[in-house]
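We use all heavy atoms of the structure for the numbers below, so side chains are in, but hydrogens, waters and symmetry mates are not. In the text below, chain A, chain B and the rest are named by the order of the sequence lines, each starting its count at 1.
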Amino acid sequence: MVQVNENEYRLKFFLNNNYNRKICQVCQTPFWTKDKERNVCADIPCTDYYFFDLNIKSPPLTVREARQKFLKFFEKKGHTIIPPKPVLARWREDLYLTIASIVDFQPFVTSGIVPPPANPLVLSQPCIRLEDVDNVGVTFGRHLTTFEMAAHHAFNYPDKQIYWKDETVELSKEFFVEEIGIPEEELNYKESWWEGGGNAGPSFEVTVGGLELATLVFMQYEIKDGNYVPLKLKIVDTGYGVERIAWFTQKTPTAFHAIYGNLVYTFFNKIGAPLVDDELLKTAAILAGRIDPDKPETIKRHREEVAKKLGLDLKYVDQELTRAARVFQVLDHTKTIALMLADGLVPSNSGEGYLGRLLIRRALRVLRLLGSDIKLYELVKEQIEYWKEDFPQLLKNKDYILDVVNLEQERFNETLSKISLTASSLSRRKEISVDDLVKLYDSNGIPPDLLVEEIRKINPEIKVEVPYNFYGLVAKRHQTVPLKDTKKEKLPKDVIDLAENLPPTKKLYYEDQYKRSFTAKVVSVYKNYLVLDQTTFYPEGGGQIGDTGIIKDEKGNTYQVVDTQKVKDVIFHILDKEPSLKEGDEVYGEIDWQRRYRIMKHHTVTHVILSAARKVLGEHVWQAGAEKTPQKGRLDITHYKLPTEEEIKKIEDLANYIINDRRSVRPLIINRTEAEMKYGVSIYAGGVPEGADVRLIEIKDWDIEGCGGTHLSNTSEIGALKIINVEKIQDGVIRLEYVAGDVVAQYARQEEDKLKEISRQLSTSPEQIEVRLKRFLEEYKEKEELLNQYRKMMLQEIENISKKETVNGVTIYIINLFDEELRKEAMRKLTMNQKSIVVNISNKGNNNVVEIATSNDLRVDKIIEALRREGGKGGGKGTYGSITTQLNVDKIVNTIKSTINNGI
RNA sequence: GGGCCGGUAGCUCAGCCUGGAAGAGUGCUCGGUUGGCAUCCGAGAGGUCCCGGGUUCAAAUCCCGGCCGGUCCA
């Protein structure tokens, strides 16, 4: 940690209100309090939870009430309430999940590029953090995967100060004292330091009765090369734990009771787990601060302490708390699952989607350990019911959520079905190592606890143990040096460097998307890369490939533009050869319009299809990638199963309806914050653009999304759409390929040509191709049967066909069969009788390949050895061998005979 | 984004480490047993060992590349 100047924390507010700076006797952290007697920071693990014993004025608050109280209070204090963002941070390219309220404003607001939606503002942001997923339940509410972070933010610009440290601390004091009714002496402001996302600053943790109720962060530094550089934009970033406030006021046995109310009992009931005594749970919760998640043995100790304090049998306590912890874990996970899916997460085996699958599988595993056969979706349904007013998106996407949970359960069952097979094969061993368990879990997803349970059923004696830190060991297997992001650049490095010093190119294709030609001045020429002051050549971006065309100079030279690329705002025309141009020359440019127009059709139709897919498949559909070329369009969408043919037809029909409905298409450029507030984060489906303003493409009453591409001005120009291919490219991602406009005709022609070619090869007409093919296949089968009959005949006669000699009581058959199938059968048949050897000699290039088989009372070894001595190469084992040799047939046979003569 | 595991008969898989004739169970077909079913007995059909390349006299097996599936981690 950095050496922090003490004055950062020495606020006027503290000094004027008789707060004292103390040092915690346990953790040595300085903190501020009005209580002269206090010498511990009132935070776990320096103390146990003792807020149960505090007298506060507030009535018990549910999560919703706590949230409302917070929002209303800060609204009263001049803050504007803004709505929360989704739990999936899709406006961020470096994060999957919304882990804090400040994430909503990164990176564009926090870096000062765009203003916040209001200033100061207040919100309650549902967040998801999976770091502590292993600790949920066993700490009885200390750790959760989802929580609401209530926050008031103030953005202080050099020319516009809102408020800073004193006001922030005072606001928090007023909220806690006046609204929650906490005696001011119980408030503690722990000095702390916060760092994240390249920023840093001092912070206070507000602790009361063992609970950290809020953190107040003052973002005032940027970390540059290890140094702290003061920020121009100083941000008040606070985070109040809504669930903690609810628990604090309700004083229920555990935080789960406070968050979920009656749902706790519903879950115990539905899962079929007997309830656990409240007094036992409360004691466990009070002492939960003593658990150190990094030291699994502390969980064991925690239970011993609970048992001791209540004078109960440890085995009983352990059993009861284990059961309760598991039910709590299911409670927590099912809420998080519902929230993730409601915001459009599609479970997958990698990327964002895996986070959903992970939680679903953890929940399913725990249900199994609880011995419950309830369907997970029934529990998720309860969560939707419980939270529907707080998070309306749950109800809106209920069908999708339940459908996915059900499907995921089925998939997990398939994985689990491997357990019994694995268990029975492992149970024969005496001992199973932890390493084996880790490998099985890592590679095959077999949960160790379930596996061991199964193995013990077969073999109770076996030595096997699942260590407490099992999942830590799994994580260790994955610790590797992170590879540098090897982004594929479309331009060589020297060209990219060149762009650094060039002015941005004026984008004529935005002024008029239909513009085909233009004149411009040369800004820079490097090899065959040409930069102009303005251009109508569209550079590759947003999935739309770069334009091609021609550029002419005043001397009458014509250059082909083979591709167009950009580096930031500098556009490079890539020419077919190095031009004889210099800075300042005037040139004329013209894009290949036929090509570009097709690209535009494929681009606009992509937007039409995306919305059609959302309408048909569900709101969760998100663009995972796209490419538009003159030949076809390609759109990758997130969806949890391969769409049926019916669904694809519906999408196609719907899109064609919009095309025929002549919808206007127009670009609009608006401020990013305004765009987000108005249209939501779905405008980022195609990626997150840079800059303060975003360019949106609006198809009237149909679709709106951020896009930098060139578009038609009306959907009717698309003409027609045909989806030509649908495939699953990875778990949770479906690829659609399609053609539009006159390319549909081209595509039809291609298919027609293929059909004609096939017909030609089958010597028939396209009309009769099916009948012809059927006949053809029948004939093929008949021929094969015929061949088999001949083989059988040959086999029956094999003794007569082969050359037969007897040496030293051993019968030698010499054959020469090139049909491999027949040869093998023949060799088998002839070696059925004892004391027989079959030799097949066939020619291969200049060599003879000798295959030797014997009846099972003989061995080939000596013969092989003899032939090797004569220069052959090869080997064999038991009753079969083969060797390649230059010897002629007679020599081979003689060698074999003499070997047998000498005793085999 | 990265790691690991897998792809062999319709299905479930063994064989691969240590290269040498493609296997088991189940299902299927036929026959026997039975009043019929289950069971049992016997026979048979069924294979691009994922694809491509390399090493080798010889590749399901070893090496490299690709495709597909599973799984875990971030």
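Atom OH in A/Tyr354 sits roughly 13 Å away from atom P in B/G70 (whole-Å rounding). The interatomic distance linking A/Gln886 (CD) with B/C57 (P) rounds to 13 Å, in whole Å. Rounded to whole Å, the distance from CD1 on A/Ile892 to P on B/C57 is 17 Å. At whole-Å resolution of the value, NZ in A/Lys439 and C1' in B/G6 are 15 Å apart. A/Leu95 places its CG atom 15 Å from the P atom of B/A74, with the value rounded to the nearest Å. Rounded to whole Å, the distance from CG on A/Asn349 to C1' on B/G6 is 14 Å. The interatomic distance linking A/Phe412 (CZ) with B/C72 (P) rounds to 8 Å, in whole Å. Rounded to whole Å, atom P of B/C13 lies 9 Å from atom NZ of A/Lys418.
Within the nucleic acid shown, A/Ser443 comes within 4.0 Å of at least one base atom, counting heavy atoms only. No engagement by A/Arg365 is indicated, since no non-hydrogen atom pair under 4.0 Å with the nucleic acid exists. Nucleic acid contact class of A/Asn444 (heavy atoms, under 4.0 Å, all strands): sugar-phosphate only. If you check every strand for non-hydrogen atoms under 4.0 Å, A/Leu440 touches nothing. Using a 4.0 Å heavy-atom cutoff across all strands shown, A/Tyr441 reaches sugar-phosphate atoms only and no base atom. Within 4.0 Å of A/Leu358, counting heavy atoms only, lie sugar-phosphate atoms of the nucleic acid but no base atom.
Between the C1' atoms of B/C68 and B/G52, the separation comes to 15 Å (whole Å). If you take atom C1' in B/A38 and the same atom in B/G20, they sit 45 Å apart, rounded to whole Å. Comparing B/C51 with B/C67, their C1' atoms sit 7 Å apart, to the nearest whole Å. With P as the reference atom, B/A21 and B/A58 are 15 Å apart, rounded to whole Å. For the C1' atoms, the distance from B/G3 to B/A43 is 50 Å, rounded to whole Å. Here the separation of B/G6 from B/A22, taken at their P atoms, is 23 Å to the nearest Å. When the P atom is compared between B/U61 and B/G19, the two are found 12 Å apart, to the nearest whole Å. Atom name P, nucleotides B/G25 and B/C40: the rounded distance is 13 Å, in whole Å.
For B/G35, there is no paired base (Watson-Crick or G-U wobble, both distances below 3.5 Å). A 3.5 Å limit on both hydrogen-bonding distances identifies B/C73 as the Watson-Crick or G-U partner of B/G1. Checking B/G27 for Watson-Crick or G-U wobble geometry (two distances, each under 3.5 Å) identifies no partner in any strand. Remark: B/U55 base-pairs with no nucleotide; criterion is Watson-Crick or G-U wobble with both hydrogen-bond distances under 3.5 Å.
Distance check, rounded to the nearest 0.5 Å: OG1 of A/Thr854 to NZ of A/Lys862 gives 13.0 Å. Residue A/Ile729 holds its CD1 atom at 8.5 Å from CD1 of A/Ile734, rounded to the nearest 0.5 Å.
Under a 4.0 Å N-O distance rule, the pair A/Glu737/A/Arg634 does not qualify as a salt bridge. Ionic pairing of A/Lys439 and A/Asp435 is present here: one or more N-O contacts between side-chain nitrogen and carboxylate oxygen are shorter than 4.0 angstrom. The pair A/Asp449-A/Arg365 meets the salt-bridge criterion, since a charged nitrogen lies less than 4.0 angstrom from a carboxylate oxygen.
Atom CD of A/Glu410 has more than 12 heavy atoms from other residues, nucleotides or ligands within 6.0 Å. Around CD of A/Glu297, the count of heavy atoms belonging to other residues, nucleotides or ligands within 6.0 Å exceeds 12.
Looking at A/Thr644, its side chain does come within 3.5 Å of a backbone N or O of A/Glu647 through a donor-acceptor pair.
Residue pairs satisfying the ring-ring contact (aromatic ring centres under 6.0 Å, His included) criterion with at least one member in residues 413-459 of chain A, sequence neighbours excluded, are listed as follows: A/Tyr441-A/Phe470, A/Tyr441-A/Tyr471.
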Self-check item: Footprint string (nucleotides 18-26 of chain B, 5' to 3'): B base within contact, S backbone only, - free, heavy atoms under 4.0 Å
Solution: --BBSS---
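Among B/A74, B/C73, B/U12, the nucleotide with an atom closest to any side-chain atom of A/Tyr96 is B/A74. In the set B/C4, B/C73, B/U71, B/U71 carries the atom at the smallest distance from any side-chain atom of A/Arg357.
Residues A/Asp857 and A/Ser855 have side chains that bring a donor and an acceptor to within less than 3.5 angstrom of each other. A donor-acceptor contact closer than 3.5 angstrom links the side chains of A/Glu851 and A/Tyr880.
Paired with A/Arg411 under the rule side chain to side chain donor-acceptor pair (under 3.5 Å), one option of A/Asp731, A/Asn406, A/Asn349 passes, and it is A/Asp731.
Residues from residues 724-734 of chain A with heavy atoms under 4.0 angstrom of RNA chain B: there are none.
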